[in-house]
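See below for the structure under consideration.
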Amino acid sequence: MSWKLLYSRYKEISFYSNEVAIKISYANKAHLLAQHYGDHVLEGSALVLLSRGYQLAGNNINALLALDKAQVKHEIVGFREGVADCLFRKAGVYQKINGFAKSEETYLVAIDELLELDSLRCAAAICNLGELYREWGKPNKALSKLQKADSLFTQLNNISSTAYTKGNIGLVYIDLNKPDSAKVNLHKAIAILEPTGDNYAVSAYLEGLARLVIADGDLEKAEQLAQRSLRLANEYGLKEQIRDASLCLSSIYSSTQNYKEAYHHHNNYVIYRDSLVNEDTIREIANLRTKYEVAQKQKEVDDLQNKKSKHQLLLVALLIILVLLGIHIFLLYKNRKQRNRDKLLLEEQRNALLKSNDTKNKFFSILSHDLRSPIATFNSYAELLNYYINTNEIEQLPKLVQELERSSSSVMHLLDNLLQWGMVQMQNIKIERQQIKVIQVFKEELHHLNSIALAKDIQIQFNIATDIELFVDKAYFAMTLRNLISNAIKFTPKGGFVCVSTYRENNSVIIKVADSGVGLDEDAFKLRLKSGEILSTYGTNNEKGLGLGMQLVCSFINSHNGSIDVESKLGKGATFILHLPMV
């Protein structure tokens with residue numbers, strides 16, 4: 001069974017039960033079930049039913065509290081019809097405990113809500129407000145509201161409600177001393193309600209008519225009306241109507257000098273009056289207690305509301321403090337992060353300046369020392385050339401020219417390396433790849449290196465397939481090949497050899513430059529290769545080197561995603577091995 005079906009059964013049992021305890025118990029079960037499943041509309045409906053049970057039990061304070069809770073539930077979900085219904089019912093409870101001012105205030109709010117929502121309920125609220133004014137002793141206000149309700153019920157074609165309104169208007173006219181208007185409205189009300197069996201209203205209206213007829217002097221007719229009123233009241237146990245009808249009959253019989261009946265009915269009147277007075281006294285005490293308890297509950301609600309307001313203010317203040325603290329922490333974090341970034345940037349700039357300064361110092365060292373020496377040699381060769389010409393030693397000139405050619409080639413090689421190194425240091429070198437044949441670049445460089453090799457009687461051998469190609473920067477690759485071969489010549493004694501070979505391996509091209517030179521400490525050189533610190537050394541004929549060549553080779557390897565390795569033993573030559581991707 002679904003919970004909503006169970007809820008409906010609880011409500012049905014509560015609604016139709018004649019026992020107040022059962023009515024309250026099952027209304028409460030329905031309320032708790034709806035509360036468990038979080039359905040505010042059904043929870044509010046069950047609370048309204050619970051308030052009805054409390055009213056029947058005479059516990060008006062719990063009835064009001066239940067209606068207050070129901071109103072809150074309906075307000076949460078925006079159920080305006082439910083809110084208006086709760087206001088309407090609360091006004092009725094206040095009216096029962098003679099809280100006329102509070103009842104009036106609540107009826108007026110309910111009427112404002114019901115104007116847009118439910119015309120029939122709105123008319124009923126206006127009618128009840130009119131009856132409130134009549135009980136309160138304000139007949140003019142009562143008449144105004146009852147006439148408005150009568151008009152609305154007539155428009156809605158609600159005959160029974162129209163009859164009640166007309167009957168109440170008749171009673172108000174009695175209070176206003178307008179007997180003709182009172183008779184018309186009371187007769188209309190009795191004519192409509194008598195066939196429906198509404199004995200409470202009919203008995204009250206018959207007694208009102210009897211009083212009007214007494215004033216006209218028609219005591220016989222008045223007796224008939226009062227007897228009908230008393231008969232209905234006795235039949236259905238309507239104490240107030242028995243009291244009023246008995247008083248009316250006592251007055252009639254006293255006027256006709258039928259003192260026996262007059263005494264009997266007056267005695268009956270006193271009995272029911274005292275009974276009702278006792279009940280009224282008890283009810284008044286209960287009402288006073290209810291008012292006191294309502295006031296106490298209201299004070300508790302106000303105290304809770306004040307505490308809630310204070311807690312909310314504290315919570316808001318705490319949230320504001322937390323937000324401000326969060327913003328402050330964020331700004332501190334952001335500021336610290338910015339300082340770290342600035343620190344790193346300054347460190348980078350400092351390192352760059354140091355590197356730039358080292359490069360500048362090295363550059364000027366090369367210019368002032370290493371480049372000055374070969375240029376000075378040219379000056380010596382020029383003086384010697386002038387001397388041979390002046391002394392007519394022409395046979396010495398070919399050898400001198402050969403030396404000049406070798407020295408100029410060495411200087412050109414030095415300048416090329418210096419220019420390339422400077423561009424690498426400034427990170428200005430631009431890689432422009434193209435498809436090249438390795439054999440073609442090797443032969444171009446061999447043309448420039450032959451004179452240096454011949455001067456040391458060194459043979460340059462090669463084993464390069466004509467179809468091996470690379471996708472590289474041609475000038476950069478040529479410089480790399482030239483430096484490797486030049487270094488091999490530099491560290492190879494006279495009569496030795498240098499061998500250049502290439503082959504494919506998977507997707508790479510392997511280039512080996514081997515020599516029969518003095519060799520090197522393989523492990524130490526690999527460490528220097530890894531760190532990028534390659535020192536200059538002298539060749540076998542005291543050729544001066546700057547260490548720039550190998551730095552440029554390493555730079556080329558890095559820029560082309562390759563690798564370099566070396567195999568060597570001291571005194572047994574060295575082999576430099578390049579691994580370059582084919583594409």
Side-chain angles (χ1 to χ4, degrees), residues 40-41 44-45 47-52 54-55 60-61 63-173 175-176 185 188-189 192-193 198 201 287 290-291 294 298 301:
H40 293 307
V41 174
S45 179
L47 284 166
V48 168
L49 193 59
L50 183 61
S51 75
R52 181 60 183 157
Y54 284 134
Q55 281 181 261
N60 290 313
I61 185 168
L64 285 172
L65 290 174
L67 288 169
D68 280 336
K69 290 179 182 178
Q71 184 178 337
V72 169
K73 295 301 176 183
H74 291 151
E75 284 172 347
I76 289 171
V77 294
F79 183 36
R80 291 182 61 196
E81 290 86 349
V83 173
D85 180 59
C86 288
L87 289 167
F88 180 58
R89 291 174 184 274
K90 281 163 67 177
V93 178
Y94 286 128
Q95 185 176 350
K96 281 188 177 182
I97 62 174
N98 295 331
F100 293 138
K102 189 66 176 177
S103 179
E104 177 192 28
E105 177 190 336
T106 311
Y107 269 131
L108 290 172
V109 177
I111 289 166
D112 284 341
E113 287 290 319
L114 290 167
L115 274 172
E116 299 178 10
L117 303 172
D118 188 336
S119 299
L120 183 60
R121 294 281 280 174
C122 182
I126 294 170
C127 181
N128 285 6
L129 180 58
E131 185 61 15
L132 171 71
Y133 285 136
R134 190 177 74 83
E135 292 178 14
W136 201 355
K138 297 183 178 183
N140 289 316
K141 280 191 171 185
L143 182 62
S144 172
K145 295 301 178 185
L146 289 168
Q147 285 175 336
K148 185 175 181 180
D150 182 51
S151 175
L152 290 172
F153 283 132
T154 302
Q155 291 174 19
L156 295 168
N157 198 28
N158 192 310
I159 297 171
S160 60
S161 296
T162 303
Y164 288 123
T165 310
K166 289 186 181 301
N168 290 340
I169 289 172
L171 296 176
V172 172
Y173 276 131
D175 295 337
L176 291 170
N185 284 281
K188 286 181 180 178
I192 295 170
L193 293 174
D198 193 335
N287 289 340
T290 298
K291 289 178 182 178
V294 168
Q298 187 61 47
V301 169

Problem - Closest contact, heavy atoms only, Ser160 versus Leu193 - result: O-CD2, 4.2 Å

Problem - Stepwise side-chain contact (heavy atoms from CB on, under 4.5 Å) test for Phe88 and Asn128 - result: CA-CA 9 Å; Phe88 180 58; Asn128 285 6; 3.6 Å; yes

Problem - ring-ring contact (aromatic ring centres under 6.0 Å, His included) involving Tyr173 - partner list, sequence neighbours excluded - result: none

Fill in the blank from the handout: In short, Ala110 meets Ala84 closest at the heavy-atom pair CB-O, 4.2 Å

Exercise for the section: Tell me, please, which residues at least two apart from Arg134 pass salt bridge (charged side-chain N to carboxylate O under 4.0 Å, His left out). Expected result: Glu131

Exercise for the section: Quick one: pull up CG in Asn157 and OG1 in Thr162 and give me the separation to the nearest 0.5 Å. Expected result: 7.5 Å

Exercise for the section: Could you tell me which residues satisfy salt bridge (charged side-chain N to carboxylate O under 4.0 Å, His left out) with Asp150, sequence neighbours excluded, listed by chain and number? Expected result: Lys166

Handout entry: Nearest atoms (heavy-atom pairs only) where Pro139 meets Asp175
Key = CB-CB, 4.5 Å

Problem - Least distance between heavy atoms, Ala189 atom then Ala163 atom - result: CB-O, 3.2 Å

Handout entry: side-chain contact (heavy atoms from CB on, under 4.5 Å) between Leu108 and Glu104, worked out
Key = CA-CA 6 Å; Leu108 290 172; Glu104 177 192 28; 4.1 Å; yes

Handout entry: Flag if over 12 foreign heavy atoms under 6.0 Å of NZ, Lys69
Key = no

Practice task
Answer yes or no: does atom CD1 of Ile159 have more than 12 heavy-atom neighbours from other residues, nucleotides or ligands under 6.0 Å?
Solution key: no

Problem - pair Lys96-Gln55: side-chain heavy atoms closer than 4.5 Å - result: yes

Exercise for the section: Would you please test Val72 and His40 for side-chain contact (heavy atoms from CB on, under 4.5 Å) and show each step? Expected result: CA-CA 9 Å; Val72 169; His40 293 307; over 6 Å; no

Exercise for the section: Among Lys102, Gln95, Lys145, find the residue that satisfies the side chain to side chain donor-acceptor pair (under 3.5 Å) test when tested with Tyr107. Expected result: Gln95

Problem - Euclidean distance, Tyr54 OH relative to Leu67 CG, rounded to 0.5 Å - result: 11.5 Å

Handout entry: Any Val41 side-chain heavy atom under 4.5 Å of Lys73 side chain
Key = no

Exercise for the section: May I ask you to decide if Val48's main-chain N or O and Ser51's side chain share a donor-acceptor pair within less than 3.5 Å? Expected result: yes

Exercise for the section: Would you check if Lys138 and Leu132 make a side-chain contact, meaning some heavy-atom pair closer than 4.5 Å? Expected result: no

Fill in the blank from the handout: Rounded to the nearest 0.5 angstrom, the CH2-NZ distance for Trp136 and Lys141 is 7.0 Å

Exercise for the section: Ignoring hydrogens and angles, tell me if any N or O in the side chain of Thr165 forms a donor-acceptor pair with the backbone of Ser161 under 3.5 Å. Expected result: yes

Practice task
Any chance you could measure Ser45, atom OG, to Leu50, atom CG, to the nearest 0.5 Å?
Solution key: 11.5 Å

Problem - Test item: Asn140 and Tyr133 side chains (from C-beta on) under 4.5 Å apart, heavy atoms - result: no

Exercise for the section: Determine, step by step, whether Leu143 and Leu176 satisfy the side-chain contact (heavy atoms from CB on, under 4.5 Å) criterion, reporting the C-alpha distance in whole Å, the side-chain angles of both residues, the deciding distance to 0.1 Å, and the verdict. Expected result: CA-CA 9 Å; Leu143 182 62; Leu176 291 170; 3.9 Å; yes

Handout entry: Closest contact, heavy atoms only, Leu152 versus Ala123
Key = CB-CB, 3.7 Å

